[in-house]
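Down below is the structure, laid out as structure tokens.
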Amino acid sequence: MNISKPPDNSVSDRRIALFRKKLLVWFPVNGRVFPWRVKGAGTYVLLVVEVLLQRTRAETVAAFLPHFLQRYSGWSAIASSNLDELAATLKPIGLWRRRSPALQGLAQELVAIGEKWPRRRDELEKITAVGQYLANATLLFIHGEPHPLMDSSMARLLRRYFFIRPVKADIRYDRALHAAAYRILASGHAIELNWAMLDIAASYCKSRKPLCVNCPLRQSCMHYRYLVKLR
DNA sequence: AAAACGGGGCT
DNA sequence: AGCCCAGTTTT
């Protein structure tokens, strides 16, 4: 009979492609500029920043980064640092009690393997402070593979735009969310697309009071069409 | 005072 | 898959 089975989710290829296109047009002109996003940013800066960004605003990290890099210019500097001094350095951006031992543990394990990040997810996630998000960041920035920087902001944007209903599990185990993200990233420009999604989520698709009327995605956004425009 | 912020870890 | 944890900023 050759009856095609229903798609695993309701997001069409056309809507994925449209979303992608809008992001790629928007980003080069409107994307946020951060020290870790500039052309010459090395892998140390790209990855250490991801630890600093955990549960911490990007603007806060941007203002703090020069001071941090002056004291800790590489993984070996963090690895050999006095833990109390590292904690004192991290105090201004918060979460220092948890973040300082985590960051030093990561640095020490990294130095121990010659600062060569594993390519396999299960090996990455064995490293201190490396969960699903940081493993994805590593695969994206170090190994050049298309993986999403799936944080709560990106999740919120994708759920609203594609009308992906939230499940009870947290975003790390939300299959529909990750499926949509991987489809968006699958055909090139993964880093720019990730940054564009984080930027639009932070600037327009805010949690409490989203700025839908100014959002560059509103024309094709399900949330805007069905929950905002018709009010 | 509560929610938000470019999550990780342990069970 | 569920629960806890963590500080500074924004609402």
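Below, read A as the first sequence line, B as the second, and so on, with proteins coming before strands; counting in each chain starts at 1. Because the structure is a prediction, the values reported are computed rather than measured.
The span of DNA chain B lying next to chain A, judged by atoms under 4.0 Å from heavy atoms, is bounded 5' to 3' by B:dA3 to B:dG9.
For A:Trp96 and C:dC5, the CH2 to P distance is 17 Å, given to the nearest whole Å. One atom, CG of A:Asp170, and another, P of C:dG2, lie 9 Å apart when rounded to the nearest Å. Protein atom CD of A:Gln132 is 16 Å distant from nucleotide atom C1' of C:dG2, rounded to whole Å.
In this view, A:Asp13 and A:Arg183 satisfy the side chain to side chain donor-acceptor pair (under 3.5 Å) rule, not counting sequence neighbours. Qualifying ring-ring contact (aromatic ring centres under 6.0 Å, His included) partners for A:Phe162, counting only residues two or more places apart in sequence or in other chains: A:Phe19. The salt bridge (charged side-chain N to carboxylate O under 4.0 Å, His left out) check on A:Asp151 picks up nothing, with sequence neighbours excluded.
Proximity of residues 48-59 of chain A to DNA chain B (heavy atom under 4.0 angstrom from any strand atom) is restricted to A:Glu50, A:Leu53, A:Gln54, A:Arg55, A:Thr56, A:Arg57, A:Ala58. Taken residue by residue, residues 103-121 of chain A places no heavy atom nearer than 4.0 Å to DNA chain B.
Nearest-nucleotide positions on DNA chain C for A:Asp174 and A:Arg98 put A:Asp174 closer to the 5' end. Mapped onto DNA chain B by nearest heavy atom, A:Arg172 and A:Cys205 fall at different nucleotides, with A:Cys205 at the one closer to the 5' end. Nearest-nucleotide positions on DNA chain B for A:Tyr173 and A:Leu46 put A:Leu46 closer to the 5' end.
Nucleic acid contact class of A:Leu134 (heavy atoms, under 4.0 Å, all strands): sugar-phosphate only. Looking at heavy-atom distances under 4.0 Å, A:Val61 makes no contact with the nucleic acid at all. Among the protein residues, A:Arg156 comes within range of the sugar-phosphate backbone only, with heavy atoms under 4.0 Å from sugar or phosphate atoms but none that close to a base. Heavy atoms of A:Phe34 sit under 4.0 angstrom from at least one base atom. As judged by a 4.0 angstrom heavy-atom cut-off over every strand, A:Arg99 is placed among residues making no nucleic acid contact.
Taking the C1' atoms as reference points, B:dA2 lies 16 Å from C:dA6, given to the whole Å. Remark: the separation of the P atoms in B:dG6 and C:dC3 is 25 Å, to the nearest Å.
When the shell of 6.0 Å around CZ of A:Arg175 is examined, it contains 12 or fewer heavy atoms from other residues, nucleotides or ligands.
Annotation: side chain of A:Leu217 is in contact with side chain of A:Leu157 (closest heavy-atom distance under 4.5 Å).
Salt bridge absent: A:Glu109 and A:Lys126 never bring a charged side-chain N and a carboxylate O closer than 4.0 Å.
Side-chain polar atoms of A:Tyr44 and A:Ser73 form no donor-acceptor pair below 3.5 angstrom. At a cut-off of 3.5 Å, with distance as the only test, a side-chain donor of A:Glu145 or A:His147 sits close to an acceptor on the other residue. For the residue pair A:Thr56 / A:Arg99, a side-chain donor-acceptor distance below 3.5 Å is found, with atom types taken as modelled.
Using a 30° and 60° split on the angle between ring planes, A:Phe68 and A:Phe64 fall in the tilted class, from 30° to 60°.
The shortest heavy-atom contact between A:Ala129 and A:Leu106 is CB-CB, 4.4 Å.
Cation-pi geometry between A:Arg165 and A:Phe163 is met: the NZ or CZ atom falls under 6.0 Å from the ring centre, inside 45° of the normal.
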